[in-house]
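Chain naming here is simple, since letters A, B, ... match the order of the sequence lines and numbering starts at 1 in each.
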Protein chains: 2
Amino acid sequence: MTQIKEASTIQENKQAAFKECPVTYVMERIGGYWKPIILFHLLAGSKRYSEIKKAVPGITEKVLIQHLKQLEADNLVIREARPVVPPYVTYRLTVSGMGLRPVMYAMANWAVEDSEANGTPMYKSLGNFPETPKLAAV
Amino acid sequence: MTQIKEASTIQENKQAAFKECPVTYVMERIGGYWKPIILFHLLAGSKRYSEIKKAVPGITEKVLIQHLKQLEADNLVIREARPVVPPYVTYRLTVSGMGLRPVMYAMANWAVEDSEANGTPMYKSLGNFPETPKLAAV
DNA sequence: ACAAGTACTTACCCTAAAGTATGTATCATC
DNA sequence: GATGATACATACTTTAGGGTAAGTACTTGT
């Protein structure tokens, strides 16, 4: 176990929260701005690096690979590289990553409803939502 | 919400993504580490400031009120203050905030399953998942 | 010969977010 | 009259994340 200094009560508390709050668990793995967006675009299936880059406008290459590597290290995506030139690298979700589909779907769903409720509907439907979502009982 | 400079093309792209990707929409409102955790703890119903502070260990007071104010400004929580001494302030979810319940639930669900799949089960069940409080019309 | 495409890498900078610490108003009680 | 509780506020510092720009390796196309 990691040793913790007496003075750092916050880190201790964070540890406790991590063990008790499932949402904290999630945030530790897909927290931040970009990761959910990247994962969302991978729901449709494996994509080349360049495809992801196009699908996620606004992200810089540095930040993109940075997160892709992190997601790979966290066992959420799998990187597959064909030893060809020019490089052909694809990324796809692991089983664990696939498990996030309901999360993404719930998010997308809320975005539609909430933007409508705000009087500024931005997304007509979820017709273009990647593939069949398994609806978990809520 | 956010002010945008002309010259930055990435910001333009971010705008485009905002209009096309529902997950981006969500991230703009509850992105970051703390907000989902705070919202999760408010699912159970209205809580006093001090209660939230206890429920979300690891967060500093500064960051907590900062996010609470932001969430209030984004119409996700409602602040109610009784003019008494000592102060009695409660926070509760708006209808919009309540709409995030499926998102939270999906997250919590994934945390349980994923931690089990990892061989390090951290949360036995979702028995303690915040029940639906009386739905207040807002 | 040289540009173009692919999937990165590296170096440097800058800002926004978060952490630390202390202060404030009001009243109750000890 | 000092202390504690509550719900913040404010100043200051640090850190992590993100942005800009340029480079790399290797081959195909012109």
Side-chain angles (χ1 to χ4, degrees), chain A residues 4-14 17 24 27-28 30-38 46-73 77-92, chain B residues 1-14 17 24 27-38 46-73 77-92:
Chain A
I4 297 178
K5 290 180 185 176
E6 288 181 31
S8 69
T9 51
I10 293 191
Q11 291 303 330
E12 284 175 19
N13 289 335
K14 229 176 178 176
T24 299
M27 287 301 112
E28 291 285 340
I30 62 161
Y33 184 85
W34 294 111
K35 278 180 192 164
I37 299 175
I38 295 172
S46 80
K47 279 194 172 148
R48 290 187 69 175
Y49 172 79
S50 54
E51 288 177 311
I52 304 175
K53 208 171 66 179
K54 277 176 207 157
V56 187
I59 198 169
T60 62
E61 285 193 89
K62 182 193 138 195
V63 173
L64 178 55
I65 39 138
Q66 190 174 293
H67 282 113
L68 284 173
K69 281 184 185 293
Q70 186 63 55
L71 289 170
E72 195 193 358
V77 306
I78 292 170
R79 196 191 95 115
E80 281 164 327
R82 308 280 144 73
V84 294
V85 165
Y88 195 94
V89 180
T90 56
Y91 293 86
R92 61 184 171 90
Chain B
M1 192 157 42
T2 325
Q3 270 196 339
I4 299 176
K5 291 178 185 174
E6 293 180 43
S8 59
T9 52
I10 43 127
Q11 293 299 335
E12 284 174 18
N13 289 334
K14 232 176 176 179
T24 298
M27 287 301 112
E28 290 286 339
R29 300 193 61 192
I30 62 162
Y33 184 85
W34 294 111
K35 279 180 191 163
I37 299 174
I38 295 171
S46 80
K47 278 191 172 150
R48 292 187 68 175
Y49 170 81
S50 55
E51 288 177 312
I52 303 175
K53 208 171 67 179
K54 276 176 207 158
V56 187
I59 198 170
T60 63
E61 286 193 89
K62 182 194 141 196
V63 174
L64 179 55
I65 40 140
Q66 189 174 295
H67 281 113
L68 284 173
K69 281 184 185 295
Q70 187 63 53
L71 290 169
E72 195 193 359
V77 306
I78 291 171
R79 195 190 97 115
E80 282 163 327
R82 309 279 146 71
V84 295
V85 165
Y88 194 94
V89 180
T90 57
Y91 293 86
R92 62 187 170 88

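- Annotation: of the two residues near DNA chain D, A/Pro87 and A/Glu61, the 5′-most nearest-nucleotide partner is A/Glu61.
- Of the side-chain N and O atoms in A/Arg48, none sit less than 4.0 angstrom from OP1 or OP2 of C/dT6.
- Listed candidates were C/dC8, C/dG19, D/dC8. Nearest to the side chain of A/Tyr49 is C/dC8.
- Distance from the side chain of A/Arg79 is smallest for C/dC8 among the nucleotides C/dC8, D/dT6, D/dG18.
- Using a 4.0 Å heavy-atom criterion, one finds that B/Arg82 contacts no nucleic acid atom at all.
- In this structure, A/Gly32 and B/Met27 approach most closely via the heavy-atom pair O-SD, 3.6 Å.
- The line from OG of B/Ser46 to CZ of B/Arg79 is 13.5 Å long, rounded to the nearest 0.5 Å.
- Taking atom CG of B/Leu64 as the reference point, atom C1' of C/dA17 lies 15 Å away to the nearest angstrom.
- Between C/dT20 and B/Thr60, no contact under 4.0 Å exists linking OP1 or OP2 to a side-chain N or O.
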Between B/Leu64 and B/Ile52, does the side-chain contact (heavy atoms from CB on, under 4.5 Å) criterion hold? Intermediate values first, please. CA-CA 9 Å; B/Leu64 179 55; B/Ile52 303 175; 3.9 Å; yes
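- Nucleic acid contact class of B/Val89 (heavy atoms, under 4.0 Å, all strands): sugar-phosphate only.
- One atom, CD1 of B/Ile30, and another, C1' of C/dA17, lie 18 Å apart when rounded to the nearest Å.
- Rounded to an integer number of Å, the gap from CD of A/Gln70 to C1' of C/dC8 is 17 Å.
- Between B/Ile38 and B/Leu71, the shortest heavy-atom distance links the atoms CG2-CD1, 4.1 Å.
- Residue order along DNA chain C, read from the 5' end via each residue's closest nucleotide, puts A/Tyr91 first among B/Gly32 and A/Tyr91.
- Between A/Lys69 and C/dT9 there is a side-chain N or O to OP1 or OP2 distance below 4.0 Å.
- Whole-Å rounding puts the A/Met27 CE to D/dA16 P distance at 19 Å.
- Taking atom CD of A/Glu51 as the reference point, atom P of C/dG5 lies 16 Å away to the nearest angstrom.
- The CD-P distance, from B/Gln66 to C/dA18, rounds to 7 Å in whole Å.
- Shortest non-hydrogen contact noted between A/Leu68 and A/Val77 is O-CG2, 3.9 Å.
- Regarding A/Lys54, its NZ atom lies at a distance of 11 Å from the P atom of C/dG5, rounded to whole Å.
- For D/dG18, one of the phosphate oxygens OP1 or OP2 lies less than 4.0 angstrom from a side-chain nitrogen or oxygen of A/His67.
- Distance CD1 (B/Ile59) to P (C/dT20): 13 Å, rounded to an integer number of Å.
- Between A/Lys62 and A/Ile65, the residue anchored nearer the 5' end of DNA chain C, judged by the nucleotide with its closest heavy atom, is A/Ile65.
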